[in-house]
Amino acid sequence: MKKLGVIGGMGPAATALFYQMIAEKTKAEKDQDHIPMVILSDCLMPDRTGAIMGSDDEKQIIHDKLLADAKVLKEQGCDMLAIPCNTCHYFADQVADDMGIELNHMLRLAAKECKRRTHEGAKVAILATEGTIKTGLYKEALEAENMQIWLPDEALQAKISSIIYDKVKAGIGICLADWMPIEDAVYAAECDCAVLGCTELSVVARELELEDFYVDAMDELAKSCVEKFNR
C-alpha cells in the first residue's frame with residue numbers, strides 16, 4: 001500500500017474521530033511511522049439518506065460526487081479508499097469499481113466483528129440512519145455471516161435519527177439519558193450485540209464510553225486500515 005484515500009466530511013466530527021482512531025491504533029514512534037493519507041472532507045455532499053429515499057436523479061448526484069472525489073484521491077496517489085460514512089456504502093462498491101481502486105468496506109468489517117464477538121446465529125441490532133437501513137446493506141452483510149438482525153421500531157428509529165441529526169451533526173452534546181431508551185430497547189429484544197452503523201454514533205460511543213456490546217463500524221474500519229498498511 002502507498003497511500004490511503006479518505007472521503008470524509010459526512011459529518012466532519014466523525015471524520016476527525018476516524019483520523020484520531022487511526023493515529024491511536026498505529027504503533028508509531030515518529031511522524032514517519034504513520035499511514036500516508038489524503039482526507040477529502042466533502043461536507044457539501046447532499047444528505048445520503050434523503051437521496052436513497054428520494055429519486056433516481058438524487059441518487060445519481062451522490063454517485064457522481066463520490067466518483068469525482070475518488071478520482072481526486074486516486075490522482076493524489078491513493079490506492080485504497082475508506083469512506084467513514086455508513087450510508088455512503090450504498091454507492092461505494094460501484095464508485096470503487098468505476099475508479100479501479102480498492103475499497104475497505106466498513107459494513108462488511110463490522111459484520112465480521114459482530115460474529116467474532118458473539119457466535120453464529122446471534123441476534124444483532126442495527127442502529128443506523130433510515131437510509132442505511134433501507135439499503136439492506138447491513139442485513140446482507142450480517143446474513144452473509146449467518147447472523148440474525150433486529151431493527152428498531154418507528155418510534156425508536158426516530159430517537160436514533162434525532163441523536164444523529166439533531167445532536168451530533170448539530171454539534172450538540174449527548175448525555176447518557178439520551179441514549180438509555182435505545183439501550184433499554186436493544187437489551188429488551190435480547191440482542192447479543194448492536195452494530196453502530198452510523199459514524200455519528202461512533203462519536204456517541206466515544207463520548208459516552210459505550211461498552212463492547214456495541215460494535216463500532218468506524219472503529220473497525222480504522223483498525224483494518226492500520227492492519228492493511230502494516231502499521
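Heavy atoms only: backbone and side chains are in, while hydrogens, waters and symmetry mates are out.
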For residues [X] and [Y], is any side-chain donor paired with an opposing acceptor at under 3.5 Å?
X: Q94; Y: D98; answer: yes
X: S224; Y: E227; answer: no
X: Y165; Y: E200; answer: no
X: T132; Y: T129; answer: yes

Is it true that [X] and [Y] make a salt bridge, defined as a side-chain N closer than 4.0 Å to a carboxylate O?
X: D64; Y: K59; value: no
X: E130; Y: K134; value: no
X: E145; Y: K112; value: yes
X: E220; Y: K25; value: no

Does [X] reach the main-chain N or O of [Y] with its side chain, forming a donor-acceptor pair under 3.5 Å?
X: D219; Y: D216; answer: no
X: T26; Y: H34; answer: no
X: K74; Y: I101; answer: no
X: H119; Y: K115; answer: no
X: R117; Y: D212; answer: yes

For [X] against [Y], the heavy-atom pair lying closest together:
X: P46; Y: I61; result: CG-CG2, 4.1 Å
X: C225; Y: I22; result: CB-CD1, 4.3 Å
X: K139; Y: I126; result: N-CD1, 4.1 Å
X: V38; Y: K3; result: CG2-CD, 3.6 Å
X: A217; Y: A110; result: CB-CB, 3.8 Å
X: L156; Y: P181; result: CD1-O, 3.9 Å

Could you go through the side chain to side chain contact (heavy atoms under 4.5 Å, CB included) check for I133 and Q157 one step at a time?
-> CA-CA 10 Å; I133 290 174; Q157 183 60 52; 3.1 Å; yes

Run the side chain to side chain contact (heavy atoms under 4.5 Å, CB included) check on V226 and I35 step by step: do they pass?
-> CA-CA 7 Å; V226 171; I35 296 173; 4.1 Å; yes

Side-chain heavy atoms of [X] within contact of [Y], under 4.5 Å:
X: R48; Y: C85; answer: yes
X: I7; Y: C88; answer: no
X: Y138; Y: N86; answer: yes

Could you state the interatomic distance from [atom1] ([X]) to [atom2] ([Y]), rounded to the nearest 0.5 Å?
X: C193; Y: K123; atom1: SG; atom2: NZ; answer: 12.0 Å
X: L208; Y: D178; atom1: CG; atom2: CG; answer: 8.0 Å
X: K71; Y: L73; atom1: NZ; atom2: CG; answer: 12.5 Å
X: Q60; Y: L67; atom1: CD; atom2: CG; answer: 9.5 Å
X: Y90; Y: L137; atom1: OH; atom2: CG; answer: 8.5 Å
X: I83; Y: M218; atom1: CD1; atom2: CE; answer: 14.0 Å

Are V124 and W150 close enough, and set up right, to give a side chain to side chain contact (heavy atoms under 4.5 Å, CB included), and what steps lead you there?
-> CA-CA 6 Å; V124 181; W150 179 86; over 6 Å; no

Transitive ILVMFWY side-chain link M53 to L151, under 4.5 Å =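 They do not share one cluster, since no chain of ILVMFWY contacts under 4.5 Å joins M53 to L151.
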
Should V203 and V215 be counted in the same cluster of Ile, Leu, Val, Met, Phe, Trp and Tyr side chains packed under 4.5 Å apart?
->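 As far as the 4.5 Å side-chain criterion goes, V215 and V203 are not connected within one cluster.
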
For [X], is the [atom1] atom crowded, meaning more than 12 foreign heavy atoms sit under 6.0 Å from it?
X: E24; atom1: CD; answer: yes
X: E154; atom1: CD; answer: no
X: E75; atom1: CD; answer: yes

F213 vs D192, side chain to side chain contact (heavy atoms under 4.5 Å, CB included): CA-CA, chis, key distance, verdict = CA-CA 8 Å; F213 173 82; D192 296 292; 5.8 Å; no

Derivation of the salt bridge (Lys or Arg N to Asp or Glu O under 4.0 Å) call for D166 and K159 = CA-CA 10 Å; D166 301 331; K159 286 182 171 58; over 6 Å; no

